[in-house]
Amino acid sequence: MSLTIALAGNPNSGKTTMFNKLTGANQRVGNWPGVTIDRKTGRIRGTDYELVDLPGIYSLSPYSPEEIVSRNFLVNDRPDAVINIVDATNLERNLFLTLQILDTGIPTVIALNMMDQIRKLGDEIDVDKLSRELGCKVVPVSALNAEGIKELVAAVGEVAESGKAPEPLYFDGDIEEAVSLAKEALKGKVPDSTLRFNAVKLIERDEATIKEHPEADEYVGRAVKALETKKDDDADSIIADARYNRITDIVGDVMKKAPRDERGTLSDRIDRIVTHRIWGIPIFIGVIAVVFLGIIGFAWGDFEIVGIGTYCTDWVNDVFFGEWIIPAVTEWCEADGTYSAVDALLCSGIVGGVGAVIGFLPQMLLMFLALCILEDIGYMARIAFVMDRVFRHFALSGKTLIPLLVGTGCGVPGVMASRTIESERDRRITAMTTTFIPCGAKLPVIAMITGAVFPGNGLIAVFCYVMGILLVLISGIILKKLRSLSGTPSPFMMELPPYHLPSAVNVIKGTLDRGWAFCKKAGTIILLSCIILWFLSSYTPGLEYIGDNATSADSILAAFGEAVCIIFAPLGWGDNWELTVGTITGLIAKENVVATFGTLFGIEAGESGEGLEGVLASMLTQSSGLAFLAFNLICAPCFAAIGAMHRELGKWKDTAMAVAYQCLLAYAVALIIYGFTSYIGGWNSLVIDGSVVEQAAPIGSTIAAVAVLAVLAYLLWAKDPFRQLSGKEAEE
Ligand code: BGO
């Protein structure tokens, strides 16, 4: 018979690592909460037990979406056994959940994890004594080093097959009496197996239990009041206190801690600087700047450092595609003396479009590598911690940072990670704004525009990330003024794991996984888009082939682009319909912006041999280029991310409003950038055939930008009608 085993524990207790060791799966291990959101299943190797990895939780109260998923599974689905994974280096906090799991009456085995760390710290835990005190099997393990896994599987198989649940840990006198009364009130209304769990929850004033059993609540109401009066506290805290007192006794009995260095561990000492109130943020900006300057480079006047990524990308475009692939494909196509529509599709459509995207692969791999190293060292978790203080000033919690950090890889899991936020309003705002942070797919767009109008200047990439964070903060203030999104930020609790040297396996795997996803997309969605784009740019609306003159103003694409491009004229895109088309195709996947230009202009040469970026420099000034970049980074994300937003927001109407908000904000920001920066020396000129051509000052756009800025300032500083006053403010 197949048995179902649940894996439950606190966030960061090592559940995912253990899940991977037990099942041989390859789930992503992370060091911030929210990496496991839905429950995941797998088969324990060498058995037919199904293992269900539940999201990390601190208690079985249904406050957060993770707690609801875990509690429903344990209480309603009732697995045959639970492996409760406990971080031995944080025994007190982890046992709080353990005591609640014991109340569920499900056969339980404790996997006492991180024993390698305990040994390293010189601490000692008497495992047998702990097992006696908790009344269930305790197996010391190290999920990281695969220690104790066999023993754990044997122990869980034994308890699951015996079906024998451990005794709960009973409370002292008065509390246990109230629990007994609640059991009486609930008898027959809930299965006997969950009677104690529900009874304790009723005394704890657990909202879900009270709502489900109002008569039972009435029955125990007087006893709960009496308990609260006697202990001079609310019932929730009385139960929590009782549990913590019990835990303190147990830990005191079983654990011997070695003396600690007064200055703290090395991680503590590094954190004193890295997470410092004042230095934390400049250090964060500095780290991101070093990464991007190293990869893209830096240019200021005559001073120039070529970034290693730019160097590699130039080589791929100029030598690999320019000298090898394109001439070879063209020669092959022209071998029979003709150049048919199919030949043009292959050379301009496919090699041009997909090649333009693949050309950025070296830069992408280096950026993924840097982000994976920062994550594996443990620095990403510190960023969330440092930024929490900033986010709080803007009515958002640091928890918003976690979806943003996840979203640097891909917006879809980023938006999904917003589920970890307890406050529904914060969760919705986060889901609506996560895609402001550049995801992997937007990096080639950043690299392309930077290469075109700010050659080799990595500061533009830094600007894109800073702009993304600022817009999330600004949106927090503006959107909180709407009744449906008002409210105070939820508290943010997060563990900072000790720093460690990056593991080569994790880093290489993380980099290659992301790189492979990028290539897969280029070979599927982007390839298909390029074929369609080539068709639309090579045929007239009357379906007449117009040859390989892709930029022909007679094509279907031109007719469409010209009709729409007027909308973007105030942003400095002029009558260049190609820019409009690129922006629209970016909705399918953001890399499509690059692929579209690759198809329309060719990667290598364009008409006059100046390359894709050269063609763009003849259409965009530095100001309008930056506006183009800002609009494409902030406006509606790709369809997949819009779908993820819809899953979080629930209604299509709300999703449509969110997309409209993103597009309006993107337009406003792009207008402000173009309207104001065009007056900076050299920022308002095009480079046409190598000559710098100064453009007329965009007076109309500047006036519109002033008006937009005034509206934004009003929205930011107008009084928040729904702000909840602090106790002191309310008294005044
Ligand atoms: C990071 N021993 C040690 N020393 N560490 C362990 C053990 C163990 O037995 N088991 C897990 N860990 P998850 P949840 C990390 O990811 O499985 C570590 O949330 C880091 N990552 O490696 O994700 C594990 O599923 C950068 O640590 O837990 C992981 O329950 C710096 O505990 C962390 C430091 O494991 C959480 C740690 C990029």
Side-chain angles (χ1 to χ4, degrees), residues 6-23 25-40 42 51-58 64 66 69-70 83-91 93-94 97-98 110-121 123 125 139-149 151-152 265-268 270-271 274 368-385 402 405-406 408-409 417 420 493-511 513-514:
L7 190 59
N10 283 189
N12 271 316
S13 56
K15 275 187 325 328
T16 312
T17 314
M18 178 60 87
F19 181 86
N20 289 345
K21 287 282 166 3
L22 287 172
T23 62
N26 231 334
Q27 299 284 0
R28 196 169 128 77
V29 175
N31 59 354
W32 55 69
V35 169
T36 313
I37 299 157
D38 286 319
R39 58 189 209 208
K40 297 189 183 80
L51 187 67
V52 180
D53 180 21
L54 298 175
I57 45 171
Y58 293 107
S64 66
E66 294 101 321
V69 172
S70 300
I83 298 177
N84 172 210
I85 186 144
V86 163
D87 173 358
T89 63
N90 255 313
L91 209 46
R93 208 202 51 219
N94 280 245
L97 175 67
T98 305
I110 311 273
L112 193 61
N113 194 28
M114 315 250 182
M115 288 304 282
D116 57 307
Q117 279 289 336
I118 291 287
R119 283 195 299 270
K120 211 162 147 193
L121 291 166
D123 295 347
I125 298 179
V139 183
V141 294
S142 165
L144 193 66
N145 302 333
E147 283 170 27
I149 305 293
E151 293 78 355
L152 180 64
T265 60
L266 181 61
S267 283
D268 295 336
I270 296 174
D271 272 342
V274 168
F368 293 152
L369 179 75
L371 293 177
C372 284
I373 291 175
L374 288 179
E375 188 181 329
D376 212 56
I377 289 173
Y379 183 63
M380 286 296 206
R382 269 73 188 178
I383 297 178
F385 179 80
I402 291 157
L405 291 174
V406 177
T408 53
T420 50
M493 195 164 112
M494 173 166 188
E495 235 162 89
L496 296 180
Y499 291 98
H500 67 190
L501 284 175
S503 132
V505 175
N506 280 353
V507 169
I508 292 172
K509 192 180 161 306
T511 308
D513 279 355
R514 291 181 188 199

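In this chain, numbering begins with 1 at the start of the sequence shown. Start at 1 and go down the list; that is how both ligands and their atoms are numbered.
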Within the 4.0 Å heavy-atom shell around [X], which atoms of ligand 1 are there?
X    : answer
E375 : 21 (N), 26 (C), 38 (C)
T17  : 11 (C), 13 (P), 17 (O), 24 (C), 35 (O)
G378 : 26 (C), 31 (C)
D116 : 2 (N), 3 (C), 4 (N), 8 (C), 9 (O)

CG (L121) and CE (M114) are apart, to the nearest 0.5 Å, by 11.5 Å

Can a donor-acceptor pair be found, under 3.5 Å and without considering hydrogens, that links the side chain of [X] to the backbone of [Y]?
X    : Y    : result
N113 : S13  : yes
D123 : I118 : no
T17  : L144 : no
D376 : C372 : no

Looking at non-hydrogen atoms alone, which of T89, N12, L7 comes nearest to atom 36 (C) of ligand 1?
N12

Residues D116 and K120 bridged, charged N to O under 4.0 Å:
no

Less than 3.5 Å between some nitrogen or oxygen of [X] and one of ligand 1, yes or no?
X    : answer
H500 : no
L144 : yes
M115 : no
G14  : yes
N145 : no

Report the C-alpha distance between D268 and T265 in whole Å, list the side-chain angles of each, state the deciding distance to 0.1 Å, and finish with yes or no for side chain to side chain donor-acceptor pair (under 3.5 Å).
CA-CA 5 Å; D268 295 336; T265 60; 3.2 Å; yes

Could you walk me through whether D513 and F368 pass the side-chain contact (heavy atoms from CB on, under 4.5 Å) test, one step at a time?
CA-CA 9 Å; D513 279 355; F368 293 152; over 6 Å; no

With a 4.0 Å cut-off on heavy atoms, is N10 touching ligand 1?
yes

Does S13 have a heavy atom less than 4.0 Å from any atom of ligand 1?
yes

I need the contact type for [X] against ligand 1. Using non-hydrogen atoms and a strict under-4.0 Å cut-off, is it side chain, backbone, both or neither?
X    : value
T16  : both
P498 : backbone
I377 : backbone
Q117 : side chain

For Y499 and L266, what are the C-alpha separation, side-chain angles and deciding distance, and is it a side-chain contact (heavy atoms from CB on, under 4.5 Å)?
CA-CA 8 Å; Y499 291 98; L266 181 61; over 6 Å; no

Test item: N10 and L97 side chains (from C-beta on) under 4.5 Å apart, heavy atoms
yes

